[in-house]
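This structure is a prediction, so every number in the text was calculated from the model and none was measured. Residue numbers begin at 1 in each chain, while the letters A, B, ... track the order of the sequences.
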Amino acid sequence: EAGVTQSPTHLIKTRGQQVTLRCSPISGHTSVYWYQQALGLGLQFLLWYDEGEERNRGNFPPRFSGRQFPNYSSELNVNALELEDSALYLCASSLAVRGFNEKLFFGSGTQLSVL
Amino acid sequence: EDQVTQSPEALRLQEGESSSLNCSYTVSGLRGLFWYRQDPGKGPEFLFTLYSAGEEKEKERLKATLTKKESFLHITAPKPEDSATYLCAVQTGGYNKLIFGAGTRLAVHP
């Protein structure tokens, strides 16, 4: 069974540019989560999508946005990139069970470097 | 504010030298505490979920325990392949948001 897949694996952008990251969840999983992992910091929660709807959002500015498609895949968009956006962006999926998920399955992430 | 603190930040062990990693938390209503393992260049991999104080879970050389204020990940007779970053996370209230600690980087040397 295929795991969570993310693309691209690496990305280099310059300040002010826009970027789109993509995630395909495990087959049958309806929830998709996005996390940011900056160097030396823990995973910071960005967004949670379930059944095509945004269910929760972390403490990030509005230039971080995303969506979930009918096939449950997801995109994370970051506008007006800043240097501090350089990080590993991780996508995770899970089965949504009455609002409480047992565990998340993570992809290998997209390493974004902003110059 | 909900908070998760892991210690130590880094730990170096000799093969076979048992030790424990600590995860202390301050949250309003714990729904679950999770342990993950993360290898370099990869996403975190699920290890355990603990739900209530006194609960314990084991997997190979790893054993996780939970109290009302902290969790421990005990590593018995570690091997070099146990080298990784171990992450602790808590889920509180609703909204399926996991709050992660910064992790403990474990290095096991032969």
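A 4.5 Å side-chain heavy-atom check between B:Phe34 and A:Leu104 finds every atom pair outside the cut-off. With a 4.5 Å cut-off on side-chain heavy atoms, B:Phe100 and A:Phe45 do not count as touching.
A:Leu90 touches chain B through its side chain: at least one heavy atom from C-beta onward sits under 4.5 Å away, while N, CA, C and O do not. Contacts between B:Gln38 and chain A at a heavy-atom distance below 4.5 Å involve the side chain alone, from C-beta outward. Of the atoms belonging to B:Ile99, not a single heavy atom falls under 4.5 Å from chain A.
The number of heavy atoms from other shown groups lying within 6.0 Å of CD (A:Glu51) is above 12. Around atom CZ of A:Arg57, more than 12 heavy atoms belonging to other residues, nucleotides or ligands sit under 6.0 Å away. Atom NZ of A:Lys13 has more than 12 neighbouring heavy atoms from other residues, nucleotides or ligands inside a 6.0 Å radius. The number of heavy-atom neighbours closer than 6.0 Å to CG of A:Leu41, taken from other residues, nucleotides and ligands shown, is above 12. The environment of CZ in B:Arg12 is sparse: at most 12 heavy-atom neighbours from other residues, nucleotides or ligands sit within 6.0 Å. Annotation for B:Glu15: atom CD counts as buried by contact number, over 12 foreign heavy atoms lying within 6.0 Å. More than 12 heavy atoms of other residues, nucleotides or ligands lie within 6.0 Å of CG in A:Asn71, so this atom counts as buried by the packing criterion.
Residues A:Phe60 and A:Tyr35 do not share a hydrophobic cluster, clusters being chains of Ile/Leu/Val/Met/Phe/Trp/Tyr side chains in contact below 4.5 Å. A continuous path of ILVMFWY side-chain contacts below 4.5 Å connects A:Val19 to A:Val32, so both sit in one hydrophobic cluster. Note on A:Val78 and A:Leu88: separate hydrophobic clusters, where clusters join Ile, Leu, Val, Met, Phe, Trp and Tyr whose side-chain heavy atoms are under 4.5 Å apart, directly or indirectly.
Within residues 105-115 of chain A, the residues having any heavy atom under 4.5 Å from a heavy atom of chain B are, by residue number, A:Phe106, A:Gly107, A:Ser108.
For the pair A:Tyr33 (side chain) and B:Leu98 (backbone), a donor-acceptor distance under 3.5 Å is absent.
Separating the CD atom in B:Gln91 from the NZ atom in A:Lys103 is a distance of 14.5 Å, to the nearest 0.5 Å. Between A:Leu43 atom CG and B:Tyr36 atom OH the span is 9.5 Å, to the nearest 0.5 Å.
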